[in-house]
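In what follows, every heavy atom counts, from backbone to side chain, and hydrogens, waters and symmetry copies are set aside. Note that the structure is a prediction, hence the values are computed from the model and not measured.
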Amino acid sequence: MKPSSLPASPAPGFARRFLPVWALGLVGVAALLLQPLPPALLASAPALRELPPVLVRLLVLLNPLLLLTAMAAIGAACAPRVGLRSALAGDALARLDARTALAVGAALAVVIAVVDAALAPWLGSAWQQVVAQANAAPWLPALLLGVLYGGITEEVVMRWGLMAPVAWGAMAVQRRVRGGSPGQPSALVAWLAIAVAAAVFALGHLPALAQSLELSAPVVARTLGLNLLAGIAYGWLFWRRSLETAMLAHATTHLGFALARWVG
């Protein structure tokens, strides 16, 4: 029998696309246990102080767990429809481009470090204090949190769970206007999805930062600009390579942060 006459392998079902991505994302959610409880949370909910610390920490994981579950399911439904690939989800054509991921992740770490150094005089003393406190904290929990939650879970949520449905919706609108059949997203659709997911990714960093200092215009501009750049880079890797390539690049950025801290 000629290879061309072999029956095509069936596409993976929803459970096969959902469960491995969700399970890997759980590793990042569990990594949240490495960070101390936010003082603002305990101050806003005094009843939590009466609960066992282990139970409080598990309750803190509830929202990230629900978000991960929802976004892993949405991505499993939408990503294959727009040609966005993940080996974890059973896509036989997905490949991890480790060389590109490492290069992009390292380059982002360097750019962010250089920009932060250049902007330091304008970011204010409160920002410098936050940076000093972060540098004084134990390095291993921060590194694991960045690599596991940032590199894995945030990519499941932002790229797999948000970028994929935006691309699917944009493709549906494009087909309705121009006609055509389902397939790979056009460059316009892909960049729209990349930009939307990157913008949400950038905005999502502000609430946590606001718990540590009063947000000023330079701090907001720095946070939005750098995270938007990173989100665009990870989204491009998801589009052109795979979800796993975006994950590795994101994790590498955090490894670069840790290396810069050691060197500094």
### Phe201 ring center within less than 6.0 Å of His250 ring center
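Centroid separation for His250 and Phe201: below 6.0 Å.
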
For a 4.5 angstrom cut-off between non-hydrogen side-chain atoms, does [X] reach [Y]?
{"X": "Leu209", "Y": "Thr223", "answer": "yes"}
{"X": "Leu229", "Y": "Val111", "answer": "yes"}
{"X": "Ser86", "Y": "Leu88", "answer": "yes"}
{"X": "Ser216", "Y": "Val219", "answer": "yes"}
{"X": "Asp116", "Y": "Leu226", "answer": "yes"}
{"X": "Ile112", "Y": "Arg222", "answer": "yes"}
{"X": "Gln174", "Y": "Ser186", "answer": "yes"}
{"X": "Leu206", "Y": "Leu224", "answer": "yes"}

Determine, using the 4.5 Å side-chain heavy-atom cutoff (strictly less than), whether [X] and [Y] are members of one ILVMFWY cluster.
{"X": "Val147", "Y": "Leu140", "value": "yes"}
{"X": "Leu148", "Y": "Leu259", "value": "yes"}
{"X": "Leu96", "Y": "Leu237", "value": "no"}
{"X": "Trp139", "Y": "Val130", "value": "yes"}
{"X": "Leu66", "Y": "Val27", "value": "no"}

Are the side chain of [X] and the backbone of [Y] linked by a donor-acceptor contact shorter than 3.5 Å?
{"X": "Gln128", "Y": "Ala120", "value": "yes"}
{"X": "Thr252", "Y": "Leu102", "value": "no"}
{"X": "Arg17", "Y": "Ala76", "value": "yes"}

### Task
Would you check, one step at a time, whether the test side chain to side chain contact (heavy atoms under 4.5 Å, CB included) holds for Trp236 with Arg241?
CA-CA 8 Å; Trp236 178 81; Arg241 301 295 193 272; 4.2 Å; yes

Going from [atom1] on [X] to [atom2] on [Y], what distance comes out if it is rounded to the nearest 0.5 angstrom?
{"X": "Ile152", "Y": "Leu24", "atom1": "CD1", "atom2": "CG", "value": "4.0 Å"}
{"X": "Leu248", "Y": "Leu243", "atom1": "CG", "atom2": "CG", "value": "11.5 Å"}
{"X": "Glu154", "Y": "Asn227", "atom1": "CD", "atom2": "CG", "value": "8.5 Å"}
{"X": "Ile194", "Y": "Trp239", "atom1": "CD1", "atom2": "CH2", "value": "6.0 Å"}
{"X": "Arg240", "Y": "Leu84", "atom1": "CZ", "atom2": "CG", "value": "11.0 Å"}
{"X": "Leu192", "Y": "Met163", "atom1": "CG", "atom2": "CE", "value": "10.0 Å"}

### Message
Could you check whether Thr69 and Trp22, counting side-chain N and O atoms only, form a donor-acceptor pair closer than 3.5 Å?
### Response
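On atom types as modelled, these side chains qualify, holding a pair under 3.5 Å.
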
Can you name the nearest heavy-atom pair linking [X] to [Y], along with the distance?
{"X": "Pro80", "Y": "Gly75", "result": "CD-O, 3.8 Å"}
{"X": "Trp160", "Y": "Met71", "result": "CD1-O, 3.8 Å"}
{"X": "Ala170", "Y": "Val189", "result": "CB-CG1, 3.9 Å"}
{"X": "Leu144", "Y": "Ala31", "result": "O-CB, 4.4 Å"}
{"X": "Thr253", "Y": "Gly105", "result": "OG1-O, 3.2 Å"}
{"X": "Cys78", "Y": "Trp168", "result": "CB-CB, 4.3 Å"}

### Task
Given side chain to side chain contact (heavy atoms under 4.5 Å, CB included), test Leu65 with Leu26 step by step and report yes or no.
CA-CA 7 Å; Leu65 175 60; Leu26 284 180; 3.3 Å; yes

### Task
Output, in order, the C-alpha distance, side-chain angles, deciding distance and verdict of side chain to side chain contact (heavy atoms under 4.5 Å, CB included) for Thr245 and Phe238.
CA-CA 7 Å; Thr245 304; Phe238 181 31; over 6 Å; no

### Message
Apply side chain to side chain contact (heavy atoms under 4.5 Å, CB included) to residues Leu68 and Val156 and explain how you reach the verdict.
### Response
CA-CA 7 Å; Leu68 167 69; Val156 174; 3.6 Å; yes

#### Entry: Trp127 atom CH2, neighbour heavy-atom count above 12 within 6.0 Å
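Enclosed.
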
### Message
Does Glu214, at its CD atom, have more than 12 non-hydrogen atoms belonging to other residues, nucleotides or ligands within less than 6.0 Å?
### Response
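Atom CD in Glu214 is not crowded, with 12 or fewer foreign heavy atoms closer than 6.0 Å.
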
### Task
Over 60° means perpendicular and under 30° means parallel, so classify the ring planes of His254 and Phe257, tilted if in between.
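If you compare the ring of Phe257 with that of His254, the planes turn out perpendicular.
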
### Query
Among Arg159, Met158, Met247, whose side chain to side chain contact (heavy atoms under 4.5 Å, CB included) with Tyr234 holds?
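So the option named by the test is Arg159.
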
